[in-house]
Amino acid sequence: MPYLRICICPIMIHVSISVEQAEFLPACSSRNFLICVPSTHAAAVVRDLAMSTNKGGGGGKKEVKKETKLGMAYKKDDNFGEWYSEVVVNSEMIEYYDISGCYILRPWAMEIWELLKEFFDAEIKKLKLKPYYFPLFVTENVLQKEKDHIEGFAPEVAWVTKSGKSDLEAPIAIRPTSETVMYPYFSKWIRSHRDLPLKCNQWCNVVRWEFSNPTPFIRSREFLWQEGHTVFATKEEADEEVLQILELYRRIYEEFLAVPVSKGRKSEMEKFAGGLYTTSVEAFIPNTGRGIQGATSHCLGQNFAKMFDITFENEKGERSMVWQNSWAYTTRSIGVMVMTHGDDKGLVLPPKVAPIQVIVIPVPFKDADTTGIKGACESAVYTLNQAGIRADLDARENYSPGWKYSQWEMKGVPLRIEIGPKDLANKQVRIVRRDNGTKVDIPSTDLVEQVRVLLDGFQANLLETAKAKRDACIVIISTWDEFIAALNDKKLILAPWCDEEEVEKDVKARTKGELGAAKTLCTPFDQPDLPSGTVCFASGKPAQKWSFWGRSY
């Protein structure tokens with residue numbers, strides 16, 4: 001009878017288990033388990049277990065041994081949801097909180113957010129955006145002022161109704177977004193064309209009380225974002241900025257997170273509530289066959305200006321309505337990155353957003369020059385840091401090199417440098433890539449140059465690989481039957497559409513099910529040729545455009 005191979009390693013898990021020594025080996029034997037011992041530490045564990053078993057457990061109180069496990073229990077292709085939850089916890093990005101849909105963002109996630117913030121904040125300051133901070137709370141009468149807007153957010157608004165044990169005179173909403181918080185004051189501040197444009201941005205948290213399927217980073221009741229709000233004298237200025245910001249969002253996803261996205265315009269049904277039109281960058285997760293909205297840039301038109309009386313005196317001395325935009329991206333971007341690049345070993349981080357780009361691990365053997373190895377490791381970290389590369393040393397002596405390899409692979413660090421006796425003697429280091437596992441020995445004198453080359457190649461490879469996987473899922477269809485077949489096959493569907501809201505509602509109704517209904521994701525700016533006579537896949541009416549359709553997060 002074949003054996004099931006069990007490897008006992010000195011590794012850590014995040015789930016505690018109990019093992020009774022007297023029962024361990026007999027249980028293995030009765031189930032035809034073969035114990036493979038890959039290290040002297042593990043050998044000692046098995047030896048102790050065997051001695052305890054042979055003595056019948058010693059007759060006294062049985063020892064309960066608790067271990068921790070570092071590996072992944074779920075595979076990405078087998079159970080994506082459990083795999084994702086495991087990755088974000090085991091990589092120490094988040095911790096679950098005792099309120100459903102709320103999560104603790106740990107340093108490994110917050111440092112990624114700060115790197116994205118550093119880039120984006122610098123770029124919008126070039127566009128003359130100014131930093132603001134508006135209060136978290138908004139009164140009910142102000143929130144209700146723009147009817148379409150509040151109707152779009154009403155199910156998600158959280159309300160404060162008590163102070164201590166006393167009821168408030170009127171409930172106060174926690175902002176789901178800040179249009180209604182800010183715009184009464186825009187009306188106060190803007191009087192003349194000389195006050196325009198007004199451009200403000202704030203980095204803050206918002207609360208949207210999601211009740212269905214909360215998922216770390218992707219759907220949470222509180223999340224971090226930046227929200228920009230701008231005011232212009234003309235529509236042309238507003239239109240121009242919408243696309244400028246959308247391009248910055250594309251750069252965040254493709255240049256930093258290595259996630260391919262499509263830039264496009266949302267349908268009337270999917271646009272921002274109360275806005276004129278919405279543009280977005282859309283990503284796609286091949287494993288689940290779902291699109292995911294990465295970021296949005298809205299032209300609000302003059303609707304909010306009418307509601308909040310935001311007018312200015314133009315150069316002719318006449319009163320005019322302003323034109324407004326709002327735009328935002330959130331910590332959802334981190335979740336999209338995890339879903340796109342993570343593998344069965346854990347997280348895989350693009351170098352541009354990795355808090356640690358290179359982890360250096362000493363690999364001493366018996367009778368090795370441990371002082372010399374440690375010194376070489378410290379020198380490598382110093383040299384890389386001086387060159388602007390985020391490197392760190394794992395000099396912990398209570399963990400083996402193999403355990404450290406597994407932990408840093410779980411955390412997704414792009415490059416691992418190993419330095420042992422042979423490397424010290426040859427004045428070299430060994431570098432291991434997280435994305436493909438390739439190993440290369442390089443002279444210590446070439447360290448900075450070679451690491452930069454490897455990091456650049458790593459970043460480019462992640463985007464190329466993700467784009468190839470995304471593109472392989474794109475299916476162009478022309479009929480309803482083809483649409484349903486592609487939808488069931490978890491594809492990103494490009495279809496000719498008549499651009500009618502009632503038709504989109506009908507598609508949603510006809511595809512509603514346990515996996516969720518299909519909808520338009522966006523109409524891509526990069527439009528394929530639409531031959532004369534092409535009809536809508538869903539209605540048979542003349543097609544007006546090509547749009548991406550699918551299920552979404």
Side-chain angles (χ1 to χ4, degrees), residues 116-117 119-131 177-179 182-183 186 196-203 225-284 291-305 310 321-330 332-333 336 463 467 470 494 497 499 520-530 544-548:
L116 295 177
K117 178 181 178 180
F119 160 74
F120 190 78
D121 214 39
E123 292 298 317
I124 62 175
K125 284 178 179 176
K126 294 176 186 177
L127 300 175
K128 308 301 183 184
L129 269 291
K130 298 295 184 182
T177 180
S178 295
E179 282 77 9
M182 295 179 174
Y183 296 170
F186 286 9
L196 296 174
L198 187 153
K199 299 183 176 184
C200 76
N201 179 74
Q202 69 172 359
W203 296 88
W225 74 351
Q226 63 70 218
E227 52 176 326
H229 295 265
T230 51
V231 188
F232 301 95
T234 67
K235 183 175 184 295
E236 289 73 22
E237 292 173 284
D239 289 339
E240 180 183 12
E241 190 207 52
V242 164
L243 297 182
Q244 286 177 323
I245 298 300
L246 196 68
E247 173 60 13
L248 291 180
Y249 291 150
R250 182 203 65 80
R251 290 183 62 190
I252 284 174
Y253 274 92
E254 296 195 340
E255 295 180 14
F256 284 79
L257 300 174
V259 173
V261 292
S262 299
K263 294 197 294 186
R265 183 162 170 161
K266 289 288 194 180
S267 69
E268 285 297 300
M269 190 171 170
E270 293 293 327
K271 74 178 183 181
F272 183 72
L276 181 61
Y277 66 85
T278 291
T279 65
S280 67
V281 290
E282 301 285 332
F284 185 77
I292 185 163
Q293 180 177 283
T296 50
S297 183
H298 316 287
C299 178
L300 302 179
Q302 296 182 310
N303 191 32
F304 286 89
I310 310 174
M321 287 282 178
V322 300
W323 292 83
Q324 293 178 261
N325 291 342
S326 69
W327 28 269
Y329 84 98
T330 80
R332 166 180 277 205
S333 56
V336 176
L463 179 60
K467 189 175 186 301
R470 190 274 311 266
L494 186 60
W497 181 40
D499 195 19
T520 55
L521 304 175
C522 76
T523 294
F525 292 149
D526 186 11
Q527 283 279 302
D529 181 52
L530 187 66
Q544 302 298 319
K545 60 180 67 173
W546 291 93
S547 290
F548 279 122

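By convention here, the first residue in the shown sequence is residue 1.
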Please report the interatomic distance CG(L257) to CZ(R251), rounded to the nearest 0.5 Å. 13.0 Å
With distance as the sole test, does E227 use its side chain to make a donor-acceptor pair with the main-chain N or O of W203 at under 3.5 Å? no
Checking W327 against E241: is there a side-chain donor and acceptor pair closer than 3.5 Å? yes
State, to 0.1 Å, how close F304 and A273 come at their nearest heavy-atom pair, and which atoms those are. CZ-O, 4.2 Å
Working to the nearest 0.5 Å, report the span between CG of L129 and NZ of K125. 10.0 Å
Closest approach of P524 and L494, non-hydrogen atoms and distance? CG-CD1, 4.3 Å
Checking R332 side chain against Q293 main chain: does a donor-acceptor pair fall under 3.5 Å? yes
So do the side chains of V231 and W323 get within less than 4.5 Å of each other, counting heavy atoms only? no
Answer yes or no on whether R265 is positioned over the face of Y277, meaning its NZ or CZ is under 6.0 Å from the six-membered ring centre and within 45° of the axis. yes
As an exercise, state the distance from NZ of K128 to CG of L198, rounded to the nearest 0.5 Å. 15.0 Å
From CA spacing to verdict: side-chain contact (heavy atoms from CB on, under 4.5 Å), T520, W497: CA-CA 10 Å; T520 55; W497 181 40; 4.0 Å; yes
Report the distance from atom CD1 of I124 to atom CD of Q244, rounding to the nearest 0.5 Å. 12.0 Å
Kindly say whether W546 contributes a backbone atom to a donor-acceptor pair with the side chain of Q527 at under 3.5 angstrom? yes
Stepwise side-chain contact (heavy atoms from CB on, under 4.5 Å) check, L300 with L276: CA-CA 5 Å; L300 302 179; L276 181 61; over 6 Å; no
If you take all heavy atoms of A283 and V336, which pair is closest and at what distance? CB-CG1, 4.0 Å
Between the side chains of K263 and E282, is the shortest nitrogen-to-carboxylate-oxygen separation below 4.0 Å, so that they form an ion pair? no
Main-chain N/O of Q544 paired with D499 side-chain donor or acceptor, under 3.5 Å: no
Exam field: side chain K271 to backbone G275, donor-acceptor pair closer than 3.5 Å: yes
Donor-acceptor pair, distance only, cut-off 3.5 Å: does the side chain of T279 make one with the backbone of S297? yes
Do you see a donor-acceptor pair shorter than 3.5 Å between the side chains of S547 and T523? yes
For the residue pair N325 and A238, what are the closest heavy atoms and their distance? ND2-O, 2.8 Å
Testing Y253, Y249, F256 for ring-ring contact (aromatic ring centres under 6.0 Å, His included) with Y329, which one passes? Y249
Checking the side chain of E237 only, and the main-chain atoms of T234 only, is there a donor and an acceptor separated by less than 3.5 Å? yes
Step-by-step side-chain contact (heavy atoms from CB on, under 4.5 Å) determination, I310 to Y183: CA-CA 8 Å; I310 310 174; Y183 296 170; 3.9 Å; yes
Looking only at non-hydrogen atoms, find the nearest pair between S262 and C522 and report the distance. O-SG, 4.4 Å
Sidechain-backbone polar pair: T278 side chain, F272 backbone, donor-acceptor under 3.5 Å: yes
Are side-chain N/O atoms of T230 and Q324 paired as donor and acceptor at under 3.5 Å? no
If you look at every heavy atom in D239 and C299, which pair is closest and at what distance? OD1-SG, 4.1 Å
To the nearest 0.5 Å, what is the distance between CD1 on I245 and OG on S326? 11.0 Å
Donor-acceptor pair, side chain of K199 and main chain of L127, under 3.5 angstrom: yes
Regarding K467 and E254, does a basic nitrogen lie under 4.0 Å from an acidic carboxylate oxygen? no
Distance from T296 atom OG1 to L246 atom CG, nearest 0.5 Å? 9.0 Å
Min side-chain heavy-atom separation F120-I252 under 4.5 Å: yes
Candidate pair S178 and H229, rule side-chain contact (heavy atoms from CB on, under 4.5 Å), full reasoning: CA-CA 9 Å; S178 295; H229 295 265; 4.2 Å; yes
